[in-house]
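Here the structure is laid out as structure tokens; the discussion comes afterwards.
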Amino acid sequence: MAAINFYIGLNIKTSNGFQTFGKFFLGSDIRFADNIFRKMKGTKKITKDTIINLELTETKNELPQNIQMISCTLEELAENCKIITREIFKFFNMAET
């Protein structure tokens with residue numbers, strides 16, 4: 001069976017294109033990953049003026065596939081990091097009990 005994992009990648013626009021500067025591991029539960037991503041602040045509209053974007057990515061046998069993407073402001077990114085961290089903490093700690 002293929003190993004499936006989900007991540008949220010944090011990307012910032014540079015003079016060389018978008019560069020990933022962070023990645024949150026979400027585990028292997030698509031419902032959990034999708035639920036977190038739906039809580040993200042930002043917009044699905046990606047334009048040439050987009051500076052920061054977040055990608056929900058699925059990997060199967062280490063091959064990545066982008067599922068969803070949003071753009072956000074720096075303030076929204078800070079809120080999104082709080083949301084992701086809180087939800088990951090709750091999920092992995094509740095799963096162990």
Side-chain angles (χ1 to χ4, degrees):
M1 181 172 236
I4 299 173
N5 289 302
F6 298 92
Y7 299 88
I8 292 179
L10 313 175
N11 306 300
I12 192 163
K13 190 176 195 176
T14 69
S15 59
N16 294 321
F18 280 95
Q19 299 295 315
T20 300
F21 66 93
K23 187 189 271 190
F24 287 95
F25 173 69
L26 303 178
S28 59
D29 186 332
I30 182 62
R31 293 173 303 206
F32 172 67
D34 188 57
N35 185 46
I36 288 181
F37 205 77
R38 280 191 266 147
K39 293 180 180 182
M40 299 292 94
K41 309 292 184 203
T43 179
K44 290 184 179 183
K45 185 176 182 182
I46 308 293
T47 69
K48 64 179 177 71
D49 297 322
T50 296
I51 302 296
I52 300 170
N53 70 47
L54 281 70
E55 294 178 286
L56 176 59
T57 304
E58 173 186 49
T59 61
K60 287 184 183 176
N61 294 326
E62 299 183 29
L63 297 173
Q65 180 177 339
N66 185 327
I67 299 173
Q68 296 180 58
M69 182 183 286
I70 61 167
S71 66
C72 63
T73 65
L74 187 57
E75 292 77 20
E76 290 170 329
L77 175 63
E79 183 64 24
N80 290 338
C81 288
K82 289 178 190 178
I83 292 168
I84 295 167
T85 302
R86 181 175 48 245
E87 295 300 319
I88 289 172
F89 179 83
K90 288 190 314 190
F91 182 79
F92 286 109
N93 282 297
M94 301 281 272
E96 291 179 10
T97 57

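- Side-chain contact between Lys45 and Ile70 is absent, with no heavy atoms from C-beta onward closer than 4.5 Å.
- Residues Ile83 and Lys41 approach most closely at CD1-CE, 4.3 Å, considering heavy atoms.
- By the 4.5 Å heavy-atom criterion applied to side chains, Phe21 and Asn11 are not counted as neighbours.
- A donor-acceptor contact shorter than 3.5 Å is absent between the side chain of Thr43 and the backbone of Cys72.
- Under a 3.5 Å cut-off, the side chain of Glu79 and the backbone N or O of Glu76 do not form any donor-acceptor pair.
- Under the 4.5 Å side-chain criterion, counting only non-hydrogen atoms from C-beta, Leu26 is in contact with Ile36.
- For the pair Phe6 and Ser28, the tightest heavy-atom approach, listed with the atom from each and the gap, is CE1-O, 3.6 Å.
- Counting heavy atoms from C-beta on, the side chains of Ile8 and Lys23 never come closer than 4.5 Å.
- A chain of hydrophobic side-chain contacts below 4.5 Å, direct or via other Ile, Leu, Val, Met, Phe, Trp or Tyr residues, connects Leu54 to Ile12.
- The heavy-atom pair separating Thr59 from Pro64 by the smallest distance is CG2-CA, 3.8 Å.
- Side-chain contact between Met69 and Asn66 is present, with heavy atoms from C-beta onward closer than 4.5 Å.
- Under the 4.5 Å side-chain criterion, counting only non-hydrogen atoms from C-beta, Thr73 is not in contact with Ile52.
- Note: Phe92 and Phe32 have perpendicular aromatic rings, judged against thresholds of 30 and 60 degrees for the angle between ring planes.
- With a 4.5 Å cut-off on side-chain heavy atoms, Asp34 and Gln68 count as touching.
- To the nearest 0.5 Å, atoms CD1 (Ile4) and CD (Gln65) are separated by 10.5 Å.
- Under the 4.5 Å side-chain contact rule for hydrophobic residues, Tyr7 and Phe89 do not share a cluster.
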Full working for side-chain hydrogen bond (donor to acceptor under 3.5 Å, both in side chains) between Asn5 and Glu58: CA-CA 6 Å; Asn5 289 302; Glu58 173 186 49; over 6 Å; no

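- At distances below 3.5 Å, at least one donor-acceptor pair connects side-chain atoms of Thr47 with backbone N or O atoms of Asp49.
- With Thr85 contributing its side chain and Lys82 its backbone, the two residues share no donor-acceptor pair below 3.5 Å.
- Tracing side-chain contacts under 4.5 Å through hydrophobic residues (I, L, V, M, F, W, Y), one reaches Ile30 starting from Phe91; they form part of the same cluster.
- Taking 4.5 Å as the limit, every side-chain heavy atom of Phe37 sits out of range of all side-chain heavy atoms of Ile67.
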Steps toward side-chain contact (heavy atoms from CB on, under 4.5 Å) verdict (Ile84, Met40): CA-CA 8 Å; Ile84 295 167; Met40 299 292 94; 3.6 Å; yes

From CA spacing to verdict: side-chain contact (heavy atoms from CB on, under 4.5 Å), Phe24, Leu10: CA-CA 8 Å; Phe24 287 95; Leu10 313 175; 3.8 Å; yes

